[in-house]
Amino acid sequence: MRSFAAMRHSGFRAQFTTYVLAMMADNIEHVISYWVVFQKFHSPALGGFAVVSHWLPFLLFSVASGALADRVDPRRVIQCGMGLFIIASASWGYFFFTDSLQTWEAMAILVIHGCAGVLWQTPNQMLLYDIVGPAELESAVRLNAMARYLAVLAGPAVGAAILLAFGPAWGIMLNTVFYLPLVLWLIGAPYGPRFRKGWAAPRRAVRGLNDILSTMREIRAHPTIVSMVLLSGAASFFVGNAYSSQMPNFAADLRHGDPGIAYSMLLAADAAGGLLAGLILEGGGLLPPRPRTAMMLALLWGGALTVFSLAGAYWLAVGFLLSAGFLELSFNAMAQSLVQLDAPPDKRGRVIGLFNMASLGLRTFSGISVGFIGSLIGIHWSLAASAVAAMLVAGTLLIWA
């Protein structure tokens with residue numbers, strides 16, 4: 001496989017650039033809105049609602065989003081998602097300017113933001129297939145995952161700079177501009193149903209819950225898809241990204257210098273590991289997609305998180321968190337590629353939606369396994385137990401495979 005193969009497509013370069021900007025805007029909105037909401041309400045419950053409202057739409061509507069992208073042009077679905085992101089940022093801006101934000105209004109905007117994400121991610125993954133084709137899909141998926149980590153690294157820094165330079169109201173209004181390049185590029189991008197060759201876009205109706213159940217029945221004949229959905233779903237359900245919200249506690253318990261700097265370093269290590277994985281694996285054309293490889297990488301990821309959670313030395317924790325970020329990108333990108341490559345063309349949107357329902361939507365429950373149980377037995381042991389549970393599923397799938 002060639003190094004950075006997907007980058008040889010001009011369409012993918014445009015998609016990658018606009019995707020990074022939109023993902024960065026997503027993170028900037030979190031930085032500014034969460035800060036103002038915390039300062040105004042000091043409500044842990046509202047913070048918890050922010051997490052649930054972000055991931056629950058993926059659990060409920062990912063398959064419907066894929067079904068919609070099967071039926072209509074995925075470019076237009078993505079543009080609708082960007083429109084909701086812009087509405088969310090503009091709404092924050094209005095309430096920040098008028099200083100009239102109430103709890104229920106904040107909750108409504110958080111729900112709009114979560115729905116915007118689910119209208120974006122599944123159709124975007126379908127678009128990758130149209131842009132690069134099956135031969136270089138693994139490269140495109142891995143680079144897009146790397147773009148997410150790049151945005152996670154850059155977004156908070158840019159968001160903090162905008163917050164300091166312009167204040168929350170003007171800053172979050174400025175943030176709407178970062179969504180526009182993707183909206184404008186998609187207007188005339190030559191991808192989607194009209195440009196596909198060999199098969200026509202299906203015209204099945206979007207049927208909500210029935211789509212989820214029928215897609216589950218249909219993938220039973222595709223063991224690769226089944227195993228990758230289960231693998232990513234277990235990682236999401238037990239661990240997800242719930243440990244990120246607990247990072248201040250990990251930093252404080254490790255007692256290494258200034259807690260704020262230690263906290264920032266831990267967050268950066270996780271994101272840098274994912275970014276490093278994209279650069280190394282793409283640069284060397286390494287790890288072609290295979291189900292057993294994805295399962296072994298998931299096992300190593302769980303092991304790295306287990307060591308991190310129980311580490312008593314700060315630099316040991318940083319090293320294993322860097323490894324966890326590296327391994328998470330590696331197995332998740334590979335699982336997504338395998339699902340896309342094995343999905344029947346006329347059901348690709350629904351199958352990708354089912355995968356996203358597992359890999360993103362089930363993160364809704366990781367706050368229970370890591371956070372709530374952590375309040376009972378301590379976050380170090382709860383994260384270790386959650387990581388081991390994900391490893392058990394990966395090990396079972398490896399034996400089954």
Asp70/Lys347 salt bridge by N-O under 4.0 Å criterion | no
Evaluate side chain to side chain contact (heavy atoms under 4.5 Å, CB included) for Phe308 paired with Val318, printing each intermediate quantity in order.
-> CA-CA 8 Å; Phe308 158 73; Val318 168; over 6 Å; no
Name all pairs fulfilling the ring pair (Phe, Tyr, Trp, His ring centres under 6.0 Å) condition that reach into residues 127-174, sequence neighbours left out, sorted by first residue then second.
-> Phe97-Trp170
Ignoring hydrogens and geometry, is there a side-chain-to-backbone donor-acceptor pair from Thr17 to Ala14 under 3.5 Å?
-> no
If you look at every heavy atom in Arg348 and Ala343, which pair is closest and at what distance?
-> NH2-O, 3.8 Å
Backbone N/O of Leu186 and side chain of Arg76: donor-acceptor pair under 3.5 Å = yes
Polar side-chain atom of Thr176 near backbone of Met173 as donor-acceptor pair, under 3.5 Å | yes
So, do Ile352 and Asn356 sit near enough that their side-chain heavy atoms are less than 4.5 Å apart?
-> yes
For Leu383 and Leu305, work out which heavy atoms get closest and say how close.
-> CD2-O, 4.4 Å
Would you please indicate if the ring centroids of Trp120 and Tyr19 are separated by under 6.0 Å?
-> yes
Got Ile162 and Asn175 here, is their nearest side-chain heavy-atom distance under 4.5 Å?
-> no
Value rounded to 0.5 Å, distance of OG in Ser214 from CZ in Arg350 | 7.0 Å
Flag the pair Asn144 / Phe12 as yes when at least one side-chain heavy-atom distance between them is below 4.5 Å, and no otherwise.
-> yes
Under 3.5 Å side-chain donor-acceptor pair for Thr224 and Asp342 | no
Give, for atom CG of Leu392 and atom CZ of Phe238, the distance between the pair rounded to the nearest 0.5 Å.
-> 8.5 Å
Rounding to 0.5 Å, atoms CZ (Arg292) and CG (Leu398) come to a distance of 4.5 Å
Minimum heavy-atom distance between Met82 and Ala22, given as atom pair plus value = SD-CB, 4.0 Å
Closest approach of Ser330 and Leu297, non-hydrogen atoms and distance?
-> CB-CD1, 3.8 Å
Residue pair Leu84 / Leu119: nearest heavy atoms and the distance that separates them = CD1-CD1, 3.7 Å
Would you say Ile109 and His113 make side-chain contact, with heavy atoms under 4.5 Å?
-> no
Flag side-chain contact, heavy atom, 4.5 Å: Asp270 against Leu322 = no
Quick one: does Phe16's side chain get under 4.5 Å of Met146's, heavy atoms only?
-> yes
Sub-3.5 Å donor-acceptor pair from the side chain of Ser359 to the main-chain atoms of Phe355, do we have one?
-> yes
Phe237 and Phe365 aromatic ring geometry - parallel, tilted or perpendicular at 30°/60° bounds = tilted
Taking Ser53 for its side chain and Gly114 for its backbone only, find out whether a donor-acceptor pair lies under 3.5 Å.
-> no
How long is the gap from OG on Ser337 to CG on Leu137, to the nearest 0.5 Å?
-> 5.0 Å
Side-chain heavy atoms of Met265 within contact of Tyr314, under 4.5 Å | yes
Tyr34 OH: over 12 foreign heavy atoms closer than 6.0 Å = yes
Would you sort out whether Asn124 and Gln15 count as a side-chain hydrogen bond (donor to acceptor under 3.5 Å, both in side chains), showing the intermediate values?
-> CA-CA 9 Å; Asn124 181 71; Gln15 187 276 338; 2.9 Å; yes
For Met391 and Thr306, what are the C-alpha separation, side-chain angles and deciding distance, and is it a side chain to side chain contact (heavy atoms under 4.5 Å, CB included)?
-> CA-CA 10 Å; Met391 291 172 69; Thr306 302; 4.2 Å; yes
Determine yes or no for a side-chain-to-main-chain donor-acceptor pair under 3.5 angstrom, with Ser323 supplying the side chain and Gly319 the backbone.
-> yes
Non-hydrogen atoms of Ala384 and Ser309 that approach each other most closely = CB-OG, 3.3 Å
Within-4.5 Å side-chain heavy-atom neighbours: Met228 and Pro291 = yes
Show your reasoning for whether side chain to side chain contact (heavy atoms under 4.5 Å, CB included) applies to Glu138 and Leu341.
-> CA-CA 9 Å; Glu138 165 72 3; Leu341 290 169; 5.8 Å; no
Do any N or O atoms from the side chain of Arg13 and from the backbone of Met7 form a donor-acceptor pair under 3.5 angstrom?
-> yes
Supply the atom-to-atom distance Gln336 CD to Ser232 OG, rounded to the nearest 0.5 angstrom.
-> 8.5 Å
Is Asn27 reaching over with its side chain to a backbone N or O of Met23, donor-acceptor style, under 3.5 angstrom?
-> yes
Decide yes or no on side-chain hydrogen bond (donor to acceptor under 3.5 Å, both in side chains) for Ser139 and Glu282, but give the supporting numbers first.
-> CA-CA 7 Å; Ser139 173; Glu282 275 300 302; 2.7 Å; yes
Would a distance-only check, ignoring hydrogens and angles, find a side-chain to backbone donor-acceptor pair under 3.5 Å from Arg75 to Gly188?
-> no
About how many Å separate SG of Cys115 and CD1 of Ile87, when rounded to the nearest 0.5 Å?
-> 11.5 Å
Stepwise side chain to side chain contact (heavy atoms under 4.5 Å, CB included) check, Met334 with Leu338 | CA-CA 6 Å; Met334 188 175 295; Leu338 288 164; 4.1 Å; yes
Quick note, ring pair (Phe, Tyr, Trp, His ring centres under 6.0 Å) partners involving residues 318-353, not counting sequence neighbours, are Trp301-Phe331
Do any N or O atoms from the side chain of Arg220 and from the backbone of Arg217 form a donor-acceptor pair under 3.5 angstrom?
-> yes
What is the ring orientation for Phe250 with His380, classed by angle as parallel under 30°, tilted 30 to 60°, or perpendicular over 60°?
-> perpendicular
